[in-house]
J.: 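My structure is below; once you've seen it, I'll send some questions.
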2 protein chains.
Amino acid sequence: MRSLDKRAELLRAIGHPARIKILEELMKGVKCVSDIEGFLGISQPNVSQHLSLLRRYGAIDYYMDGRLKCYFLRDPIIPDIIKILKKDYIKELPAPACCPVTKKGKYPGTRKH
Amino acid sequence: MRSLDKRAELLRAIGHPARIKILEELMKGVKCVSDIEGFLGISQPNVSQHLSLLRRYGAIDYYMDGRLKCYFLRDPIIPDIIKILKKDYIKELPAPACCPVTKKGKYPGTRKH
DNA sequence: TCTATATATTAAAGTATTGGAATATATTGT
DNA sequence: ACAATATATTCCAATACTTTAATATATAGA
C-alpha cells in the first residue's frame with residue numbers, strides 16, 4: 001500500500017482542473033500533446049508542465065509515434081479516482097447515533113446540537 | 001455532478017497527510033479534537049486548522065457533546081476515496097496497442113519507444 | 001461568577017504551486 | 001545539413017498553502 005505521504009502527493013498531483021481534465025480525456029484513449037492543448041485551451045508550455053508533473057508522479061506515461069508524444073494512463077488508481085469524482089451522491093452520510101464514545105469517553109453533559 | 005473546479009478543490013482539501021489520517025480515523029468512528037491531536041502528534045491549533053478546512057469543504061461536520069466537539073464524516077465521497085487510496089494495485093495499466101489514432105491522426109513514421 | 005478544560009482564530013513567516021515568457025530540444029521531411 | 005513541426009525546459013513573479021506562536025472563545029463544574 002502507498003505510504004500516507006504518497007497518498008497525499010497523488011491527490012495533489014491530480015487536484016488541478018487542467019490535470020483532472022487531462023486524465024478524464026486520457027480515459028477515453030491516447031492523446032498527443034497538441035490534442036490536449038486543443039481541449040484545454042491553455043498554452044503549449046503550460047500543457048507540457050502539467051503533463052510533466054503527472055508523469056513525475058507516475059500517473060501517466062507516453063511513447064513516441066513519429067514526432068508526436070502519445071500520452072496514456074499508467075497508474076491504475078487513476079480511473080478509479082476519476083470515476084468516483086464523477087459519481088453523483090444523493091445524500092450526506094448519516095450523522096452518527098446519539099452520544100457515541102470517543103476516546104475521552106462519552107461526555108456526561110447534554111448534547112448541544 | 002461536481003464541477004471540474006469543485007473536484008479539484010476536493011482532492012486538494014483531502015491531499016495532506018494529516019487530513020488523510022484524520023479522515024481514515026473518522027471512518028472508524030466519531031472522534032473529538034483531543035483524540036485527533038493524540039494520534040496525529042501535531043499541535044492543537046494545527047489540528048483545529050485542518051479540521052476547519054475539511055469542514056469548510058463539507059467533508060466533515062461535528063456536533064457538541066458537553067464541551068467536546070465530536071467530528072464525523074459528512075460527504076459520502078470520502079469513504080470511497082479513502083478506500084481506493086488504500087487499495088493495492090498489482091500492476092500498471094496496459095500500454096495502449098501499437099499506433100492508436102490521436103486527433104492528429106496516426107503518424108506514418110516509426111515508433112521510437 | 002470564577003476557574004479549568006476544550007477548541008478556535010489570527011497573524012506572521014516559511015514553503016510550495018502556478019502560469020507566462022522566452023528559449024531549448026528533438027524529430028521529420030527536403 | 002536545413003527548415004519546420006512538436007514538445008520540453010527554465011526562470012520568474014504571483015499566489016496559495018502550511019506551520020508556529022500567541023491569543024481568543026466557549027462550556028462545564030465548583
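Here is how names work: the chains are called A, B, and so on, in the same order as the sequence lines, proteins then strands, and each is numbered from 1.
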J.: At their closest point, which heavy atom of B/L23 faces which heavy atom of B/L54, and how far apart are they?
T.: CD2-CD1, 4.1 Å

J.: Does a salt bridge link A/E9 with A/R12, judged by any charged N lying under 4.0 Å from a carboxylate O?
T.: no

J.: Look at the side chain of B/C32 and decide which nucleotide, out of C/dA4, C/dA22, C/dT7, has an atom nearest to it.
T.: C/dT7

J.: Think B/K69 has a side-chain N or O under 4.0 angstrom from the OP1 or OP2 of C/dA6?
T.: no

J.: Round to a whole Å and report the spacing from OH of B/Y63 to P of C/dA6.
T.: 17 Å

J.: Looking across every strand, which nucleic acid part, if any, lies under 4.0 Å from A/R19 by heavy atom: base, sugar-phosphate, or nothing?
T.: sugar-phosphate

J.: With a 3.5 Å cut-off and heavy atoms only, can you find an N or O donor on one side and an acceptor on the other between the side chain of A/Q49 and the base of C/dG20?
T.: yes

J.: On DNA chain D, does the nearest nucleotide to A/R12 precede the nearest nucleotide to A/Q44 from the 5' side, or the other way round? Give the residue.
T.: A/Q44

J.: Would you mind reading off the distance between B/M64 atom CE and C/dT5 atom P, rounded to a whole angstrom?
T.: 17 Å

J.: Let me know the distance between CG of A/L68 and P of D/dA4, rounded to the nearest Å.
T.: 19 Å

J.: Rounding to an integer number of Å, can you tell me how far A/R56 CZ sits from D/dT9 P?
T.: 10 Å

J.: Could you tell me the separation between the CD atom of B/E37 and the C1' atom of C/dT5, rounded to a whole number of Å?
T.: 12 Å

J.: What nucleotide, of D/dT18, C/dG20, C/dA8, holds the atom closest to the side chain of B/H16?
T.: D/dT18

J.: Starting at the 5' end of DNA chain D and moving along, which residue's nearest nucleotide shows up first, B/G15 or A/V33?
T.: A/V33

J.: Would you please name every residue forming a side chain to side chain donor-acceptor pair (under 3.5 Å) with A/K87, sequence neighbours left out?
T.: B/D80

J.: Quick one: do A/L53 and A/I77 end up in the same hydrophobic cluster if we chain Ile, Leu, Val, Met, Phe, Trp and Tyr together by side-chain heavy atoms under 4.5 Å apart?
T.: no

J.: So does A/Y71 get a side-chain nitrogen or oxygen closer than 4.0 Å to the phosphate oxygens (OP1/OP2) of D/dA8?
T.: yes

J.: Check the phosphate of D/dT19 against B/H50, side-chain N and O only, distance under 4.0 Å to OP1 or OP2. Yes or no?
T.: yes

J.: With a 4.0 Å limit, can you tell me whether B/Y62 has a side-chain N or O closer than that to the phosphate oxygens OP1/OP2 of C/dA8?
T.: no

J.: Taking 4.0 Å as the cut-off, does a side-chain nitrogen or oxygen of B/R67 come that near to OP1 or OP2 on C/dA8?
T.: no

J.: Is the phosphate of C/dT5, meaning OP1 or OP2, less than 4.0 Å from a side-chain N or O of B/S34?
T.: no

J.: Please give, in whole Å, the distance from D/dT10 P to A/L53 CG?
T.: 15 Å

J.: Residues in side chain to side chain donor-acceptor pair (under 3.5 Å) with B/Y57, at least two apart?
T.: none

J.: Measure CG/B/D61 against P/C/dA8 and give the value in whole Å, please.
T.: 12 Å

J.: When the distance from CD1 of B/I14 to C1' of D/dC17 is rounded to whole Å, what number comes out?
T.: 16 Å

